[in-house]
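Letters A, B, ... are given to chains in the order of the sequence lines, protein chains preceding strands, and every chain is numbered from 1. Because the structure is a prediction, the values reported are computed rather than measured.
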Amino acid sequence: MRLSRYFLPVLKETPSEAQIASHRLMLRAGMIKQQAAGIYSWLPLGYKVLKRIEQIVHEEQQRAGHIPLLMPTLQSADLWRESGRYDDYGEEMLRITDRHKRDLLYGPTNEEMITDIFRSHVNSYKDLPLTLYHIQWKFRDEIRPRFGVMRGREFLMKDGYNFDLTKEDALHAYNRHLVTYLRTYERMGLQAIPMRADSGPIGGENTHEFLVLAETGESEVFYDSEITDLTFGDRQIDYDSVEQCQAVLEEFTSRYARTDETHDEAVFAQVPETRRRTARGIEVGQIFYFGTKYSEPMGATVVGPDGARTPVHMGSHGIGVSRLAGAIIEANHDDKGIIWPEGVTPFHVGIVNLKQGDASVDSACEALYRELSAKGFDVLYDDRDERAGAKFATMDLIGLPWRITVGPRGLQNNKVELTSRRSGLSEEMSPADAMARLEKIYQPVFAAAK
RNA sequence: CGGAGCGUAGCGCAGCCUGGUAGCGCACCUGCUUCGGGAGCAGGGGGUCGGAGGUUCGAAUCCUCUCGCUCCGACCA
């Protein structure tokens, strides 16, 4: 993309409503625009990040055999009356009446609807196990939206639902989701720690929340410091293997890690004192096993091998996709702006033309732009007629992890500059070497998508 | 929902107390000069002050109502 033809309304000054770094930077970098309390437009740059996050979520879900579909944002109240949640959910649910005076609602979640889909089409245990998911906008009428997209009223969420014949199978699905989530967050450059949590209105007995440690997090968390040493890495997992998934669950959940909802001082005290940590975290996902809570009242049953009809065991799993955009910034920024992890950056690399209009600089930039794009890179080429300082400031603000700076001075020796946003370090090298270096840097990112 | 505050140009703000029909910085447009870390000078365009009503000769300024937004608290992917 040529910046001169892009739509990137960056702000020099910080809008007064933004209190935390991610909100401030998303506004300043021209990623979002607030349209009402807790409701945002995603401007081109923000939209690209949102799509990258979404893409990673899709890839990791499908890697585990989970099947995507799409359910509507508006739902009939009848389904929710069936489960009993129409009355239970309270003010947070946005209720709508259509012209025929029928009660609708803007879905805050989709357990009822997915259960309805399931019961309409699945009758035999032979169709199990089954995990369906979608990435769709949700609405929860928060009393007090704040922190930009981190606590909006309208938000994009991946929600998945597993259907299994037995509790054992459903618990395997639970563990499998934990594995997919660990991989998902790592690809985004985040460390998200699974913590034992409270199930809240979704209900159920087994649940973990994934938290990214950040000072601005809304939850207080307590954990054994050993847990932050764990990484999933690029290990290969057979998602059908009960043992392998179980082993990962045990590895990542055996140490003390709880939110304030489930925190137990007596148990925490058993962690060696030097390893006890109290911090704040941002919730970026949650997994639940809730048995037959919905299948039973809503008649989601299958005929088993013995010919008897039994309610299926279910779980649900959510990732806050739009919230992640904020959480990633919260965990990756400095005083100059955002620092995108390679996995989610809106553009892989930025090209800064230091002397727009200079024939040799222009053509060197054009060549880099063309060749990098041909290699599959998403490139932002700053071809505006601006001074160097302004171009650098923009690049730093929007946080592209790598920048190639092209100027007449270096070009005389066939050199350009490759700069890391994170370290701030620059290296001079030929354009060909810069491209080769970028290919090496992004190799793991591109490989992870396969 | 309880408490606090704010709505004046695209953004950030001043003016309001002590009524006299709007100002600053950034951004934007034009020209010249600059040109490796958000340039300088000169010129220029844009708002009737969230909305409605009231008081007054006169309202951004005072009063009433209303809408929106933000912050603190209780609740939440």
Within the 4.0 Å heavy-atom criterion, would you say [X] contacts the bases, only the backbone, or no part of the nucleic acid?
X         : result
Thr14(A)  : sugar-phosphate
Ala393(A) : base
Gly357(A) : nothing
Asp396(A) : base
Arg28(A)  : base
Glu417(A) : base

**Prompt:** Has the side chain of Arg387(A) got a donor or acceptor that lies under 3.5 Å from a partner of the other kind on the base of U34(B)?
**Reply:**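 Result: at least one qualifying N/O pair found.
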[N] and [M]: how far apart are their [atom1] atoms, nearest whole angstrom?
N      : M      : atom1 : value
C62(B) : U56(B) : C1'   : 10 Å
G37(B) : G73(B) : C1'   : 43 Å
G12(B) : A52(B) : C1'   : 29 Å
A9(B)  : G51(B) : P     : 11 Å
A39(B) : C24(B) : P     : 22 Å
A22(B) : U18(B) : P     : 22 Å
G23(B) : G15(B) : P     : 16 Å
A77(B) : G46(B) : C1'   : 43 Å

**Asked** Hey, does the side chain of Ser254(A) reach the backbone of Glu250(A) with a donor-acceptor pair shorter than 3.5 angstrom?
**Response**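 At least one qualifying donor-acceptor pair exists.
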Rounded to the nearest Å, what distance is computed from the [atom1] atom of residue [X] to the [atom2] atom of nucleotide [N]?
X         : N      : atom1 : atom2 : value
Glu386(A) : U34(B) : CD    : P     : 18 Å
Arg384(A) : A27(B) : CZ    : P     : 12 Å
Met195(A) : A77(B) : CE    : C1'   : 16 Å
Arg146(A) : G5(B)  : CZ    : C1'   : 16 Å
Tyr89(A)  : A77(B) : OH    : P     : 7 Å
Gln35(A)  : U70(B) : CD    : P     : 12 Å
Arg24(A)  : G12(B) : CZ    : C1'   : 15 Å
Asp159(A) : A77(B) : CG    : P     : 13 Å

**Prompt:** Say you draw a straight line from OG1 of Thr216(A) to CD of Gln19(A); how long is it, rounded to the nearest 0.5 Å?
**Reply:** 12.0 Å
Would you indicate which nucleotide in [options] comes nearest to any side-chain atom of [X]?
X         : options                : value
Ile143(A) : C1(B), A77(B), A27(B)  : C1(B)
Glu13(A)  : A27(B), A77(B), C11(B) : C11(B)
Ala36(A)  : C75(B), C69(B), G12(B) : C69(B)
Arg323(A) : G36(B), G38(B), A77(B) : A77(B)
Gln34(A)  : G73(B), C69(B), G37(B) : C69(B)

Please determine, for [N], whether a Watson-Crick or G-U wobble partner exists with both distances under 3.5 Å, and give it or none.
N      : value
U30(B) : A42(B)
U48(B) : none
G53(B) : C63(B)
C11(B) : G25(B)
U18(B) : none
G2(B)  : C72(B)

**Prompt:** Taking all non-hydrogen atoms of both residues, which atom of Ala21(A) and which atom of Glu330(A) are closest, and how far apart?
**Reply:**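 Scanning both residues completely, I find the closest heavy atoms to be CB-OE2, 3.8 Å.
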**Message:** Restricting to non-hydrogen atoms, name the atom on Gln191(A) and the atom on Ile227(A) that form the minimum distance, rounded to 0.1 Å.
**Reply:** NE2-O, 3.9 Å
**Prompt:** Can Phe155(A) be called stacked on A77(B) when the rule is centres closer than 5.5 Å and an angle between planes below 30°?
**Reply:**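 Stacking between Phe155(A) and A77(B): present.
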**Complete:** Assert: residue with more 5' nearest nucleotide on RNA chain B, out of Glu92(A) and Thr394(A), is Thr394(A)
**Message:** Both Leu397(A) and Gly285(A) contact RNA chain B. Taking the nearest nucleotide for each, which residue is further toward the 5' end?
**Reply:**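 So the residue in question is Leu397(A).
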**Tyr185(A) and Phe210(A) aromatic centres sub-6.0 Å** = yes
**Request:** Please find out if less than 6.0 Å separates the ring center of His317(A) from that of Tyr133(A).
**Result:** no
**Prompt:** When the ring planes of Phe288(A) and Phe290(A) are compared, do they come out parallel, tilted or perpendicular, using 30° and 60° as the limits?
**Reply:** tilted
**Asked** Is atom CD of Glu215(A) surrounded by more than 12 heavy atoms (other residues, nucleotides or ligands) closer than 6.0 Å?
**Response**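 Result for CD/Glu215(A): open.
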**Asked** Using a cut-off of less than 4.0 Å, is there contact between a side-chain N or O of Lys391(A) and OP1 or OP2 of G36(B)?
**Response**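 Checking Lys391(A) against G36(B): no side-chain N or O falls below 4.0 Å of OP1 or OP2.
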